[in-house]
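A short write-up of the structure that comes next.
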Amino acid sequence: VSDLHLFSNRSTGNRIMPELREKVRNTHTLVLGGDIFDFKWSTHESDEKSVEMAMEWIEDLMRENGECEFHYILGNHDSRPEFVQQLEALASRHPNFAWHRYFARLDQCLFLHGDVADGPLDHSRLDSRREKFERMKKKTGLWHVAYDMAIHARLHRLAVLSIREMVVLRRVKKYVEKIGHGQVEGVTDVYFGHTHIELDGIHYEGLFFHNGGAAIRGMRFRIVETTLAAPASVRA
């Protein structure tokens with residue numbers, strides 16, 4: 001599950017919560033693939049409140065199934081340092097929770113947020129882009145109105161579709177090979193978000209790529225399922 005963009009007034013993420021809770025109750029592994037929360041466009045009154053509500057959301061979901069393994073991968077909308085500190089604290093309290101800055105390799109599957117598709121593939125420059133994004137002032141007031149108008153006019157959909165799927169797949173594939181988790185290393189399936197383009201098992205140069213889209217008005221979205229061992233093997 002990725003790109004719920006919770007706290008943004010454009011998010012439709014709350015609509016899928018009954019389905020998500022049911023799946024958590026009946027699974028052994030859940031990957032939260034980044035941009036679950038949208039701190040930049042949050043409607044909460046402060047960053048502190050947004051982080052507090054984000055942690056409550058995660059812990060509430062974890063209570064649905066104490067045996068489930070939870071993996072949280074940072075995205076560009078939820079990599080705020082204060083949030084990362086809380087994720088670290090949560091991982092120290094719960095052995096079934098782990099967070100990952102860039103990716104998670106579970107069995108034959110690789111999970112990442114997908115913002116490597118936007119620019120250079122090395123982690124230092126990815127960090128720089130995320131930090132720059134985090135330094136941007138939280139959008140309020142008329143910014144929300146203007147963005148809502150763009151969503152209503154489907155301008156966001158046009159912007160997403162202008163990113164050619166093949167370019168995205170080529171960049172993501174190059175990244176997974178760069179970090180040593182490509183086809184040669186036994187990966188068969190790559191799961192990512194960020195681009196908001198729904199992909200249902202697209203085969204490209206030896207790998208299958210999956211993207212559930214985005215829980216944003218006007219976008220297609222689905223919870224993506226896969227098959228992992230119980231428990232799944234975690235590789236760095």
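As a basis for the values below, the full set of heavy atoms in this structure was taken, side chains included, without hydrogen atoms, waters or symmetry mates. Note that the numbering runs from 1 along the sequence shown for the chain.
A side chain to side chain contact (heavy atoms under 4.5 Å, CB included) with Leu61 holds for exactly one of Leu20, Val1, Ile36; it is Leu20. Partner of Phe111 under the side chain to side chain contact (heavy atoms under 4.5 Å, CB included) criterion, out of Val31, Val224, Val190, Leu32: Val31 alone. Considering Phe7, Trp57, Tyr72 as possible partners of Phe83, the one that fulfils the ring pair (Phe, Tyr, Trp, His ring centres under 6.0 Å) test is Tyr72.
More than 12 non-hydrogen atoms from other residues, nucleotides or ligands lie less than 6.0 angstrom from CD of Glu56. Taking a 6.0 Å sphere around CZ of Arg125, one finds it holds 12 or fewer heavy atoms contributed by other residues, nucleotides or ligands. Other residues, nucleotides and ligands contribute over 12 non-hydrogen atoms within 6.0 Å of the CD atom of Glu82.
Judged purely by distance below 3.5 Å, without hydrogens or angles, the side chains of Asp200 and His210 never pair a donor atom with an acceptor atom. A side-chain donor-acceptor contact under 3.5 Å links Asp107 and Ser233. Under the 3.5 Å distance criterion, with hydrogens and angles disregarded, a donor-acceptor pair is assigned to the side chains of His123 and Tyr175. No donor-acceptor contact under 3.5 angstrom links the side chains of Asp38 and Ser11, judged on distance only. A side-chain N or O of His194 and one of Asp118 form a donor-acceptor pair less than 3.5 Å apart.
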Take Lys173 and Glu177, measure what salt bridge (charged side-chain N to carboxylate O under 4.0 Å, His left out) needs, and give me the verdict at the end.
CA-CA 6 Å; Lys173 183 175 185 294; Glu177 291 172 346; 2.4 Å; yes
Please evaluate residues Arg101 and Asp127 with respect to the criterion salt bridge (charged side-chain N to carboxylate O under 4.0 Å, His left out), reporting the C-alpha separation (whole Å), side-chain torsions for both, the decisive distance (0.1 Å), and the verdict.
CA-CA 9 Å; Arg101 190 172 297 277; Asp127 286 340; 5.0 Å; no
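Between Arg21 and Asp60, at least one side-chain N (NZ, or NE/NH1/NH2) sits under 4.0 Å from a carboxylate O, which counts as a salt bridge. Contact check on Asp115 versus Arg129 returns no salt bridge, with no Lys/Arg side-chain nitrogen under 4.0 Å from an Asp/Glu carboxylate oxygen.
Interatomic distance, OH of Tyr102 versus CD1 of Ile73, reported as 13.0 Å (0.5 Å rounding).
Tracing side-chain contacts under 4.5 Å through hydrophobic residues (I, L, V, M, F, W, Y), one never reaches Leu30 starting from Tyr191; they form parts of separate clusters.
When side chains are defined from C-beta on, Arg10 counts as touching Trp41, because their heavy atoms get closer than 4.5 Å. Considering only heavy atoms from C-beta on, Val187 stays 4.5 Å or farther from Gln108 through its side chain.
Across all non-hydrogen atoms, the minimal contact from Asn96 to Cys68 is ND2-O, 2.9 Å.
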